[in-house]
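Remarks on the structure that follows.
Protein chains get the first letters and strands the later ones, always in sequence-line order, with residue 1 at the start of each. The structure presented is a predicted model; accordingly, all values stated were derived computationally and were not measured.
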Protein chains: 2
Amino acid sequence: MQDEDLAAIMRALGHPVRLSILRIVARQERGQCCCSDVTESLTLAQSTVSQHIKVLLDAGLIERQPKGTRNCYILQRERLEAVGSAYGGLIAGICGPAINEQAKAG
Amino acid sequence: MQDEDLAAIMRALGHPVRLSILRIVARQERGQCCCSDVTESLTLAQSTVSQHIKVLLDAGLIERQPKGTRNCYILQRERLEAVGSAYGGLIAGICGPAINEQAKAG
DNA sequence: ACCTTTGATCGTTGCTTTACGATAAAAGAT
DNA sequence: ATCTTTTATCGTAAAGCAACGATCAAAGGT
């Protein structure tokens with residue numbers, strides 16, 4: 001994963017409300033999924049929640065699934081885990097091989 | 001680590017230039033450290049770089065170390081790794097126990 | 001004592017984000 | 001066919017961010 005992509009995802013994760021939304025989506029996933037559920041759990045206007053959801057959608061962290069009159073969302077677990085790996089890679093490339101600076105060049 | 005803190009750090013990591021700065025700091029750490037080094041490696045004004053550095057400082061991802069007329073920066077490896085763990089915890093709490101929704105309540 | 005280097009900070013400009021209410025479209029219910 | 005529910009989108013205001021040049025303070029060099 002490229003720096004720009006990782007940064008974009010980090011930005012998407014960089015708001016406490018959006019972390020909450022991820023948790024809410026995860027929690028309710030097996031019963032119904034949600035969206036007005038999310039709005040109920042947060043003291044925010046529906047339009048605001050919808051906007052946050054869009055950010056998560058654009059980052060590929062959740063997926064939309066129309067279901068009748070409502071839109072359900074499901075976690076993109078693989079993507080969430082890929083972000084973890086990408087970050088791990090960044091850290092490894094930063095914290096590990098910092099011992100010899102030539103490592104990057106060679 | 002709390003959601004708000006994690007989100008704040010994510011936001012700090014949410015800009016490609018700042019990821020680059022982390023890399024540059026890591027690379028040069030053992031020789032001199034840097035700062036004008038960073039500015040040289042990036043096609044950005046010194047003030048802009050300084051601003052990005054401040055964001056990383058405030059997030060606790062690097063540390064300042066005055067050295068004569070220049071300011072050197074060093075990675076806060078533990079913090080970077082703590083972020084990885086915190087994210088891992090988030091993922092685990094989200095991707096794992098989503099199978100039974102009662103887990104969170106009980 | 002003076003000049004230079006380094007780098008933080010200030011002030012500004014333009015863009016993006018966050019929050020809101022209002023509106024509109026799609027699906028279901030009556 | 002009409003009404004309701006759900007939710008995305010629009011428009012907007014306020015706050016925040018990213019980039020810049022200019023400036024100022026601190027440390028070293030001459």
Side-chain angles (χ1 to χ4, degrees), chain A residues 3-25 28-29 31-75, chain B residues 3-25 28-29 31-75:
Chain A
D3 267 13
E4 279 210 24
D5 302 320
L6 183 57
I9 295 173
M10 290 297 200
R11 223 177 309 136
L13 291 169
H15 195 296
V17 165
R18 289 197 285 267
L19 294 183
S20 300
I21 292 177
L22 286 182
R23 284 226 180 75
I24 294 167
V25 168
Q28 310 215 301
E29 200 159 272
Q32 277 268 42
C33 28
C34 42
C35 185
S36 52
D37 291 329
V38 178
T39 306
E40 268 171 39
S41 307
L42 301 169
T43 50
L44 283 172
Q46 178 267 320
S47 54
T48 305
V49 172
S50 202
Q51 217 170 339
H52 280 300
I53 284 176
K54 186 166 171 15
V55 174
L56 293 171
L57 271 174
D58 290 349
L61 298 174
I62 59 177
E63 209 181 42
R64 179 177 291 157
Q65 201 170 52
K67 213 158 209 171
T69 169
R70 62 187 62 184
N71 273 344
C72 297
Y73 292 94
I74 50 175
L75 281 189
Chain B
D3 267 12
E4 280 210 25
D5 302 320
L6 183 57
I9 295 172
M10 290 297 200
R11 222 176 309 135
L13 291 170
H15 195 295
V17 164
R18 290 197 285 268
L19 295 183
S20 299
I21 292 178
L22 287 182
R23 286 226 179 75
I24 294 168
V25 168
Q28 310 215 300
E29 200 160 89
Q32 277 268 39
C33 26
C34 42
C35 186
S36 52
D37 290 330
V38 178
T39 305
E40 269 171 41
S41 307
L42 303 169
T43 49
L44 283 171
Q46 178 267 320
S47 54
T48 306
V49 172
S50 204
Q51 215 173 340
H52 280 300
I53 285 176
K54 187 167 171 16
V55 173
L56 293 172
L57 271 173
D58 290 349
L61 298 174
I62 59 176
E63 209 182 40
R64 177 177 292 158
Q65 200 172 50
K67 213 159 211 173
T69 166
R70 61 188 64 184
N71 273 344
C72 297
Y73 292 94
I74 50 177
L75 281 188

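- Taking side-chain N and O atoms only, B:Tyr73 has no distance below 4.0 Å to OP1 or OP2 of C:dT6.
- Rounded to whole angstrom, the span from the CG atom of B:Leu42 across to the P atom of D:dA19 amounts to 10 Å.
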Counting only pairs under 3.5 Å, give me each side-chain donor-acceptor contact of residues 38-55 of chain A, with atom names and distances, residues two or more places apart or in other chains.
from, atom 1, to, atom 2, distance (Å)
A:Thr39, OG1, A:Cys35, O, 3.1
A:Ser41, OG, A:Asp37, O, 3.0
A:His52, ND1, A:Arg18, NH1, 3.0
A:Lys54, NZ, A:Asp58, OD2, 3.2

- Sugar-phosphate means primed atoms, P, OP1 and OP2; the rest is base. With that split, encode nucleotides 22-30 of chain D 5' to 3' as B, S or - using protein heavy atoms under 4.0 Å. B----SS--
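- Taking side-chain N and O atoms only, A:Asn71 has a distance below 4.0 Å to OP1 or OP2 of D:dA8.
- Rounding to the nearest 0.5 Å gives a distance of 8.5 Å between CG of A:Leu56 and CG of A:Leu19.
- In terms of heavy atoms, A:Asn71 sits closest to A:Pro66 at OD1-CA, 3.3 Å.
- The minimum heavy-atom distance linking A:Ala12 with A:Leu61 is given by the pair CB-CD1, 4.4 Å.
- A:Arg64 has its CZ atom 16 Å from the P atom of D:dT6, to the nearest Å.
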Between the protein and nucleotides 15-19 of chain C, list the N/O to N/O atom pairs that are separated by less than 3.5 angstrom.
from, atom 1, to, atom 2, distance (Å)
C:dT18, OP1, A:Arg18, NH2, 3.4
C:dT18, OP2, A:Arg18, NH1, 3.0
C:dA19, OP2, A:His52, NE2, 2.6
C:dA19, N7, A:Gln51, OE1, 3.1

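- The shortest distance between side-chain heavy atoms of B:Tyr73 and B:Arg64 falls below 4.5 Å.
- With contacts defined as side-chain heavy-atom distances shorter than 4.5 Å, the pair B:Leu22/B:Leu13 qualifies.
- For B:Ile53 and D:dA18, the CD1 to P distance is 14 Å, given to the nearest whole Å.
- Rounded to whole Å, the distance from CD on B:Glu40 to C1' on C:dG7 is 14 Å.
- Note that CZ of B:Arg11 is 10.5 Å distant from CG of B:Leu6, once rounded to the nearest 0.5 Å.
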